[in-house]
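Comments concern the structure below.
We name chains A, B, ... by the order of the sequence lines, and we start the count at 1 in each one.
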2 protein chains.
Amino acid sequence: MSALDTAVHGLRALIAEGTLRPGDRLPSEGELCEHLGVSRGSLREGIRMLSALGVLETRHGSGSYVSDLNAGDLIGSLSLTVGLLPLESILELYELRRALEAHAAALATARISPDEIAELEAILVELEGTVDDGEQSALDHRFHMRVAEIAGNSALASLLAVFRARSRAYRIFRTESAAEIKVLSDAGHRSILRGLQSRDPVAASSAAAGHVAQTEYWLRKLQPDAIGLTD
Amino acid sequence: MSALDTAVHGLRALIAEGTLRPGDRLPSEGELCEHLGVSRGSLREGIRMLSALGVLETRHGSGSYVSDLNAGDLIGSLSLTVGLLPLESILELYELRRALEAHAAALATARISPDEIAELEAILVELEGTVDDGEQSALDHRFHMRVAEIAGNSALASLLAVFRARSRAYRIFRTESAAEIKVLSDAGHRSILRGLQSRDPVAASSAAAGHVAQTEYWLRKLQPDAIGLTD
DNA sequence: ATCGAAGAAGTTGTTATACAAATTGGTGTT
DNA sequence: AACACCAATTTGTATAACAACTTCTTCGAT
């Protein structure tokens, strides 16, 4: 077993067995080196691996701390890498997104409050009133994020946030089909909101699925044009 | 910007802009240090972060290589950390799993072949004939994994594999309700397979959703007993 | 007594150096 | 052509030293 493996497994074990709990500060690097029997360099590489995965957080001059271990944050650690996926993988993620957005919409119908309905309404009004592609993208993002948050499952919201972050890189609102896209996109959002208002989970989820499928269709169609900045 | 950030962003940029492609070997650590202007230690920490996320792979004595960048492998990198999540998060993941297994079953109805149906049938026969909890868990795992693979979306299959890996830690087949669980579990699997055989996506997906919901119910109910080995 | 500045101690961040361990490619022998 | 061997390259590991930051204590002024 390599020194790096020793460090990673050792640290992970300290958390898994409860010796270190979320929020706790790890012993200093010096102590951990002695405890695990590895050099400081190897230990630091191990700490970095776990911090890349969202398990640890390090503060310069203070120490390393165990993160709040929740599904949402751990899933969020994927956001650094999804930007590297090729278009083929993105389309796979769209298929997932379709199922997840539909599920989120269905869950949201059961939990949404009048205030939240008004909030979504306000977002849509603003979205329908703008033609700037950057604003459209941002408001579209906010609308879907709020629905996912209202659904009340942080893992679901994080997963959708990761997927959407990647999708936004392909700016379909900037293509020559932008006008047509906006009309159908606005209608799709309205349809989702109607489903939420009437507390009809089937209507909301099918509207969400249809909306994502529509976006996916445009992305496939405009693929050559849309691939712009990978950020 | 810290030296570590310089290293991570520098490496990521080399991949994002296409200078380094999947399968390529990175320049040696010495060259990268000079190119990025950081020390070897900082560079190595950066490489470790990206390898923890499934973007790079390092071979002792040979070099570091860019991984096959696909959604499945990147999602698979979560498997190291989901084992650290508390039960509360696991139940969130179950809700996701319910939606995803249902989606996978629906997709599978459209793509499954007669051979694959026979394969699933064989797994169920074996599963129904055993009472050993380890075998039951393994066969249950194989059945669901095959369905996810047949669905043809590697990101979906990986995500479900990650979730299921965590669920298996809570060995509900070993509780005092094992007998009752086995009867309903077997029936649930049969129901899913019937949906696949008849190529009825609604039947298959609702059977899958019901099966997961049933498992989730048992986990909630047996929570105190079931929490055994986290590994 | 309270507040604030200064400083000491502790911790992580970064670099440099040296050597061990593994792979790779070539070389020469059979 | 096959094999063993060696040399070069590369990653793995350890150690040392110092910089940068945080935290807490101490001390002094108000």
Side-chain angles (χ1 to χ4, degrees), chain A residues 1-15 19-69 73 77 80-81, chain B residues 1-15 19-69 73 77 80-81:
Chain A
M1 196 186 220
S2 71
L4 176 58
D5 287 344
T6 303
V8 171
H9 288 129
L11 291 169
R12 190 185 178 285
L14 287 175
I15 300 172
T19 307
L20 291 174
R21 317 180 80 181
D24 285 355
R25 211 198 79 179
L26 272 63
S28 71
E29 293 181 350
E31 292 177 65
L32 283 172
C33 290
E34 195 174 356
H35 176 51
L36 297 171
V38 299
S39 74
R40 198 177 157 215
S42 299
L43 173 74
R44 283 177 62 84
E45 289 183 18
I47 290 176
R48 286 281 125 78
M49 292 187 74
L50 291 176
S51 69
L53 294 168
V55 175
L56 298 178
E57 291 169 35
T58 299
R59 300 178 215 161
H60 187 182
S62 175
S64 289
Y65 299 79
V66 180
S67 306
D68 266 350
L69 294 171
D73 290 347
S77 69
L80 229 177
T81 64
Chain B
M1 194 186 221
S2 70
L4 176 57
D5 288 344
T6 303
V8 171
H9 288 128
L11 291 169
R12 190 184 178 286
L14 287 175
I15 300 171
T19 307
L20 291 174
R21 318 178 79 181
D24 286 355
R25 212 199 79 180
L26 272 64
S28 71
E29 292 181 351
E31 292 176 64
L32 283 172
C33 289
E34 194 174 356
H35 176 53
L36 297 171
V38 299
S39 74
R40 200 178 154 211
S42 299
L43 174 73
R44 282 177 63 83
E45 288 184 17
I47 291 176
R48 291 300 175 215
M49 292 188 73
L50 292 176
S51 69
L53 294 168
V55 175
L56 298 178
E57 292 169 34
T58 299
R59 300 177 215 163
H60 187 181
S62 174
S64 289
Y65 299 79
V66 180
S67 306
D68 266 350
L69 294 171
D73 289 348
S77 69
L80 229 177
T81 64

Going from [atom1] on [X] to [atom2] on [Y], what distance comes out if it is rounded to the nearest 0.5 angstrom?
X       : Y       : atom1 : atom2 : result
A:Arg59 : A:Ser64 : CZ    : OG    : 9.5 Å
A:Ile15 : A:Leu20 : CD1   : CG    : 6.0 Å
A:Ser28 : A:Glu34 : OG    : CD    : 9.5 Å
A:Leu4  : A:Met49 : CG    : CE    : 5.5 Å
B:Glu57 : B:Leu50 : CD    : CG    : 12.5 Å

Without decimals, in angstroms, what is the distance between [X] [atom1] and [N] [atom2]?
X       : N      : atom1 : atom2 : answer
A:Leu26 : C:dG13 : CG    : P     : 12 Å
B:Glu31 : D:dT10 : CD    : P     : 7 Å
A:Leu36 : D:dA14 : CG    : C1'   : 15 Å
A:Glu29 : D:dT22 : CD    : P     : 16 Å
B:Leu32 : D:dT9  : CG    : C1'   : 15 Å

Using a cut-off of 6.0 Å, state whether more than 12 heavy atoms not belonging to A:Asp24 lie near its atom CG. yes
For B:Asp5, does the CG atom sit with more than 12 other heavy atoms under 6.0 Å from it, leaving out its own atoms? yes
Residues from residues 38-50 of chain B lying under 4.0 Å of DNA chain D - heavy atoms: B:Arg40, B:Arg44, B:Arg48
Compare side-chain N and O positions of B:Thr58 against OP1 and OP2 of D:dG12 and report whether any pair is under 4.0 Å apart. no
Output a table of nitrogen or oxygen pairs between the protein and nucleotides 21-24 of chain C separated by less than 3.5 Å.
residue: C:dA21; atom: N3; partner: B:His60; partner atom: NE2; Å: 3.2

